[in-house]
Amino acid sequence: MKAVRFDEYGGVDVLEVREVEDPVAGPEHALVAVKAAGINPGEIAIREGRLHERWPATFPSGEGTDLAGVVQAVGDGVSAFAPGDEVLGWTEERASHAELVAVPADQLTAKPASVSWEVVGSLFVVGMAAYASVQAVAPQGGETVVVSAAAGGVGSVAVQLARFTGATVVGLAGERNHDWLRRHDIVPVTYGDGQADRIREATHGAVDAFIDTFGGGYVELAIALGVAPERINTIIDYEAVQRLGVHGQGTHAIASAPLLAELAGLVADGSLEIPIARTFPLDQVRDAYHELANRHTHGKIVLLP
């Protein structure tokens, strides 16, 4: 099969698509032919070695967590799935950017027929991170929560989930994404110089909670806006978690197949939108990460093996 591999830390040029041995479905595992696999900013940080202390790579390394596809075979002890089943899920082995992946069966759930491959194939990481973020700051009706990078992969899901709580949600985003935010009943505020004053104006000076999906000083901004550290969550600024005592709840804090099934159901019934910015074939994985590294996409970038 074809799979993404890299032999050393570095930029996108270290990524290669190679022919490697097919995985097999061991006990309690299913072998899935991957139809779609999302890419995520954390994978860039891992590949560049910036998270070596937290998540070291062993070489040659694969990559990719999100996946959706068709079950090809199941190992001993698997009764929930059979060959031909359409599923979505995740792998903890950095292995989904490939044509085939062997996955523990308890990390899979059935794909809703009405939802596209690219959406279900990019749902796990952003869906769980968004859900964990909202859970961590616990917004309630009558409160106001601000979300940074509100049109990005995690942010675009977080604003919607936060809005379900009845809270007023302010989304920081570029002006080209303001109409999308308004359609989802989110108050748009342009990010960048002067954003603190714009947030105060939009919220009448009262911000109860803050979800940071971007890093780069947003935790400090939240504190400057008067938000208590226990009502702030960041999925990226680990230094601020240690220094300022804010939450750092992300994808793996709450990961489960039942919760993934719940999120997929919200997408299927039209309650939740997962914007897809662009798709790339597996052979163009370097181009996909070039696009992601610009950090200006609206929604998810997805590989289609």
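Residues S148 and D212 bring a donor and an acceptor atom of their side chains to less than 3.5 Å of each other.
In this structure, Y131 contributes its side chain and L161 its backbone to no donor-acceptor pair below 3.5 Å. Side-chain atoms of T297 never come within 3.5 Å of backbone atoms of L292 as a donor-acceptor pair (strictly under, hydrogens ignored). Counting only distance, with no hydrogens or angles, the side chain of E63 and the backbone of V4 share no donor-acceptor pair below 3.5 Å. Without hydrogens or angle criteria, T144 side chain to V207 main chain gives no donor-acceptor distance under 3.5 Å. For Q242 (side chain) and E239 (main-chain N/O), no donor-acceptor pair under 3.5 Å exists by modelled atom type. The closest donor-acceptor contact from the side chain of R286 to the backbone of D13 lies under 3.5 Å. Looking only at distances, no side-chain donor or acceptor of N40 sits under 3.5 Å from a matching main-chain atom of G42. Checking side-chain atoms of Q284 against main-chain N and O of P281 turns up no donor-acceptor pair under 3.5 Å. Distance alone, capped at 3.5 Å, is enough to place a donor-acceptor pair between the E99 side chain and the K2 backbone. With hydrogens and angles ignored, the 3.5 Å screen pairs a side-chain donor or acceptor of H97 with a backbone N or O of G38.
Of the options T165, V246, N233, a side chain to side chain contact (heavy atoms under 4.5 Å, CB included) to V137 is made by N233 and by none of the others.
When side chains are defined from C-beta on, E291 counts as touching R278, because their heavy atoms get closer than 4.5 Å. Taking 4.5 Å as the limit, some side-chain heavy atom of M1 sits within range of a side-chain heavy atom of V20. Side-chain atoms of E16 and P60, non-hydrogen and from C-beta on, never get closer than 4.5 Å to each other. Annotation: side chain of S122 is in contact with side chain of I274 (closest heavy-atom distance under 4.5 Å).
Under a hydrophobic clustering in which Ile, Leu, Val, Met, Phe, Trp and Tyr are joined whenever their side-chain heavy atoms come within less than 4.5 Å, directly or via other members, I301 and V12 fall into the same cluster. Cluster membership for V159 and I276, using ILVMFWY side-chain heavy atoms within less than 4.5 angstrom, is shared. In this structure, V125 is not a member of the same hydrophobic cluster as V87, with clusters built from ILVMFWY side-chain heavy atoms closer than 4.5 Å. In this structure, F81 is a member of the same hydrophobic cluster as V32, with clusters built from ILVMFWY side-chain heavy atoms closer than 4.5 Å. Put simply, L88 and V115 are part of the same group of oily side chains (I, L, V, M, F, W, Y) that touch within less than 4.5 Å, one to the next.
Interatomic distance, CG of L181 versus CZ of R163, reported as 12.5 Å (0.5 Å rounding). In this structure, CG on L225 lies 5.0 Å from CD1 on I199, to the nearest 0.5 angstrom. In this structure, NE2 on H247 lies 9.0 Å from CD1 on I232, to the nearest 0.5 angstrom. Here the CD1-CD distance, from I46 to E48, works out to 11.0 Å after rounding to the nearest 0.5 Å. Note that the CG atom of D106 and the NE2 atom of H29 stand 8.5 Å from one another [nearest 0.5 Å]. Atom-to-atom distance recorded for I211:CD1 and R231:CZ is 10.0 Å, nearest 0.5 angstrom.
Nearest approach of P139 to A167, heavy atoms of both residues: CB-CB, 3.9 Å. Closest approach of E220 and L244 over heavy atoms only: OE2-CD1, 4.1 Å. Pairing each heavy atom of V227 with each of D208, the nearest pair is CG1-O, 3.7 Å. Listed here is the closest heavy atom pair of L67 and S96: CB-CB, 3.9 Å. Minimum interatomic distance between V120 and A68 (heavy atoms only, all atoms of both residues): CG2-CB, 3.5 Å. A33 and Q72 make their closest contact through CB-NE2, 3.6 Å (heavy atoms, listed as atom of the first residue, atom of the second, distance).
A salt bridge is absent between K35 and E86; no separation between the charged side-chain nitrogens and carboxylate oxygens falls under 4.0 Å.
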Could you walk me through whether E92 and H252 pass side chain to side chain contact (heavy atoms under 4.5 Å, CB included), step by step? CA-CA 10 Å; E92 303 285 2; H252 295 284; 3.1 Å; yes

Do F280 and H290 pass the side chain to side chain contact (heavy atoms under 4.5 Å, CB included) test, and can you show the C-alpha distance, the side-chain angles, and the key distance before you say yes or no? CA-CA 11 Å; F280 290 84; H290 267 304; over 6 Å; no

Yes or no on side chain to side chain contact (heavy atoms under 4.5 Å, CB included) for Y9 and R50, after CA distance, side-chain angles and deciding distance? CA-CA 9 Å; Y9 290 131; R50 289 184 280 122; over 6 Å; no

Go through the steps for Y289 and I44 under the test side chain to side chain contact (heavy atoms under 4.5 Å, CB included), then give the verdict. CA-CA 8 Å; Y289 277 103; I44 297 177; 3.5 Å; yes

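Around atom CG of D193, no more than 12 heavy atoms belonging to other residues, nucleotides or ligands sit under 6.0 Å away.
Screening residues 143-196 for ring pair (Phe, Tyr, Trp, His ring centres under 6.0 Å) gives W180-H184, W180-H298 as the qualifying pairs, with residues at least two apart or on separate chains.
Ring geometry for W90 against F124 counts as parallel: the plane angle stays under 30°, on a 0 to 90° scale with 60° as the upper cut.
Annotation: cation-pi pair R47/F6 absent, no NZ/CZ under 6.0 Å from the ring centroid and within 45° of its normal.
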